[in-house]
Student: 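Have a look at this one before I ask anything.
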Protein chains: 2
Amino acid sequence: MAILAGNPAHLLASIDLFSQISLHDLDKIALNATQHEYKKNEYLFHQGDPARRFCVLVTGKVKLTQLTEDGQQIILRYVSPGEAFAVIAVLSKIPYPVTATAVNQVSLLSWEDQKMLELMHQYPQLAINSLSILATRIQEFQDRFREIATERVERRIARALLRLASQTGRKLEHGILIDISLTRQDLAEMTGTTLYTVSRTLSQWEKDGLVSSQREQVTILSPHKLVVLAEDMSR
Amino acid sequence: MAILAGNPAHLLASIDLFSQISLHDLDKIALNATQHEYKKNEYLFHQGDPARRFCVLVTGKVKLTQLTEDGQQIILRYVSPGEAFAVIAVLSKIPYPVTATAVNQVSLLSWEDQKMLELMHQYPQLAINSLSILATRIQEFQDRFREIATERVERRIARALLRLASQTGRKLEHGILIDISLTRQDLAEMTGTTLYTVSRTLSQWEKDGLVSSQREQVTILSPHKLVVLAEDMSR
DNA sequence: CGCCTTATTGAAACCCCTCAAATTCAGTGG
DNA sequence: CCACTGAATTTGAGGGGTTTCAATAAGGCG
C-alpha cells in the first residue's frame, strides 16, 4: 500500500517496461505507483472484476488463470518478476479476463489505469515498450496455440516443463528443480489435458530417469532428453 | 506502389488504428504510407522474411498462417479491411513469424518500420491505439487457446464457422454465405483437426440442415442451431 | 491420529486420426 | 464440346492416444 520506498527510479530502471526512459522521467512515473503485498494463494483480482490497475510484478510469482463457462480452469501463464500484467484489460477498457493468484509471497507495483494512459501520452516510450511486450506475448500465444493444435500431449507436457524450468528453475547438483508448488492438475491446465494423463506421463518419465517428481514438485534430471522429446520430429 | 490518392486522411480516419487523431495529423501520417495491390493467392510476405513494413488492410482479405517445424500448417487468423497486421514483427524487431497470403484481390497501406516508430513518438495516440488493438488480439488468442485446450472438435468447428460468418458473412435469403474460398483443409487448420474430421462433421450438419456446403464454400442455414452447438454446456 | 488434498493405476470407452479408395468438381487443352 | 487431369471431398475401416470413471495409495496438517 505504501508509496515506493528506497530508490524508486532505480527499481524501475531494470524493468523492460521502462527501458530507454531517463531516470529523471522514471522518478515522475514512480510517483504515481503504489506498492502492494500479497500472501501465497491470495487473489490479486478475479476474472470479471473491473480493471482498474496496471501491474508490474516486483518479487514472487503470479498465476493467471481463466475459467471456462462449464467450470473448467486453464492456466494461461505464470508471471515472473519484472513482467507487466493486467495490461490488456486496462488498455481495452474491459473487465479483467483472467484471475490472478499469488503463487508465493508477492510484491507488485501498480498504476491507476487512467493515470497510466496519461503517462503514456506524456512518455510515448512507455506505450512503445508496452507494445513490444504485448507483441512478444502474442507471439508466445501463437506458438502455444500451434503446439496445442498440432502436438501430442507428451510433447506439450515436456515443453511446459522446460518453459517452467527456464522461468523458475533452480539449479541443483542432480538437476533443475521447478521452484514453485506445481500439482499435476496445474500441469494439466497448462497443457490442455487431464491430471491423469500428466500423472501417467510423469510416472513413465520417472522410470526413464528423465524427471523426479514428488507431491506438488518436479525436478528435471535430464533436460537434454526432455528437449529431445519436445523437439524431435520423428513422429 | 502509389502514394495515397484521393482523400488520404479520410481513408485513415475510419480505421481503429487512427481513431482520436486529428485530420491534420493524419495528413502527415498518410504522407509516409505507400499503397500496394496483390492478386488472389499472392504472398504478401513469408514467415522468416525480415519485417520491414507495418501494414493496414484497405480492401480484400488476408490469411495469416504459420508453418510448424514438421511441415504442418495452421491458420492463425483472417485479416479484414481496416485491421492492422504485421504489427508484432515490426515492434519486436524479429522476422515475420507468419506468412501472409491474399485471399482475394487485396489493397493495403504500409509504413516503413522505423518511420512508424518515429510517428508513434510524435503521436503517442498512435501507439496507444496499437496497444488496444494488440490487447484485443491477445484476448482473442487466449480465448481460442482455451477453446482448443478444453473443447471437442465439433464445437471448435462450429465456433470457427460463426467467427468467419461474422467477419466475412454475406446474408442470403436462405442463410449466411461465408464469402471466401474456404476448403475443408482451411477449416481443419483453423481448428486444429484434420480435413477428414471436418468433412465428416460438415456432412452430418448438412444432413441435419445446419449448413449447406459445396466445394470451397460453406453456407450457414441455421445460425441458431450452430450457436447452440458452440455454446451448449451439457456434455 | 484422522482428515483432506494430491497422486497413482487399471479398465473401459470413445473421440479422433490415419490410411486407403472412390467420387466429385473445375479447369485445360485437344 | 468432351476427355483428361489434378485438386477437393467423401466415406469406410482400423487403430491408438486420451479421457473418463473408479478405487486405492500416499502426503501434509491440524
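Letters A, B, ... are given to chains in the order of the sequence lines, protein chains preceding strands, and every chain is numbered from 1.
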Student: Base, sugar-phosphate, or nothing: which does A/Ser199 touch, judged by heavy atoms less than 4.0 Å apart?
Tutor: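 Base contact.
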Student: At under 4.0 Å between heavy atoms, what does B/Ser203 touch on the DNA or RNA strands: base, sugar-phosphate, or nothing?
Tutor: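 Sugar-phosphate contact only.
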Student: Given that both pair distances must be under 3.5 Å and the pair must be Watson-Crick or G-U, what runs of three or more consecutive pairs involve DNA chain C?
Tutor: C:1-15 with D:16-30, C:17-30 with D:1-14
Student: Measure NZ/A/Lys40 against C1'/D/dG28 and give the value in whole Å, please.
Tutor: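 Distance, rounded to whole Å: 12 Å.
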Student: Return the value, rounded to whole Å, for the distance between atom CZ of A/Arg152 and atom C1' of D/dT19.
Tutor: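 A/Arg152 atom CZ is separated from D/dT19 atom C1' by 14 Å.
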Student: Parallel, tilted or perpendicular, judged at 30° and 60°: which one describes the rings of B/Tyr38 and B/His36?
Tutor: parallel
Student: Rounded to whole Å, how long is the line connecting atom CG of A/Leu195 with atom P of D/dA26?
Tutor: 18 Å
Student: Name the one of A/Arg152, A/Arg159, A/Arg156 that satisfies salt bridge (charged side-chain N to carboxylate O under 4.0 Å, His left out) with A/Glu147?
Tutor: A/Arg159
Student: Rounded to whole angstroms, how far apart are CG on B/Leu202 and C1' on D/dA8?
Tutor: 13 Å
Student: Find the distance A/Glu151:CD to C/dC16:P and express it as a whole number of Å.
Tutor: 19 Å
Student: Only distances under 3.5 Å count here; give the side-chain donor-acceptor pairs of residues 54-63 of chain B to other protein atoms, sequence neighbours excluded, each with its distance to 0.1 Å.
Tutor:
from: B/Lys61; atom 1: NZ; to: B/Ser80; atom 2: OG; distance (Å): 2.5
from: B/Lys61; atom 1: NZ; to: B/Gln167; atom 2: O; distance (Å): 3.3

Student: Taking OP1 and OP2 of C/dC17, is either one under 4.0 Å from a side-chain nitrogen or oxygen of B/Thr193?
Tutor: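 For C/dC17, OP1/OP2 do have a side-chain N/O of B/Thr193 under 4.0 Å.
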Student: With the sugar-phosphate defined as primed atoms, P, OP1 and OP2, and the base as all remaining atoms, what B/S/- string results for nucleotides 21-27 of chain C, 5' to 3', for protein heavy atoms under 4.0 Å?
Tutor: ---BBS-
Student: Is there side-chain contact between A/Thr219 and A/Leu221, with at least one heavy-atom pair below 4.5 Å?
Tutor: yes
Student: Would you call A/Glu189-B/Arg146 a salt bridge at under 4.0 Å N-O?
Tutor: no
Student: Record whether the side chain of B/Arg200 comes under 3.5 Å of the base of D/dG12 through a donor-acceptor pair of N or O atoms.
Tutor: yes
Student: Which whole-number value in Å describes the distance from B/Asp70 CG to C/dC17 P?
Tutor: 15 Å
Student: Determine, step by step, whether B/Phe145 and A/Phe145 satisfy the ring-ring contact (aromatic ring centres under 6.0 Å, His included) criterion, reporting the C-alpha distance in whole Å, the side-chain angles of both residues, the deciding distance to 0.1 Å, and the verdict.
Tutor: CA-CA 6 Å; B/Phe145 181 76; A/Phe145 182 77; 7.7 Å; no
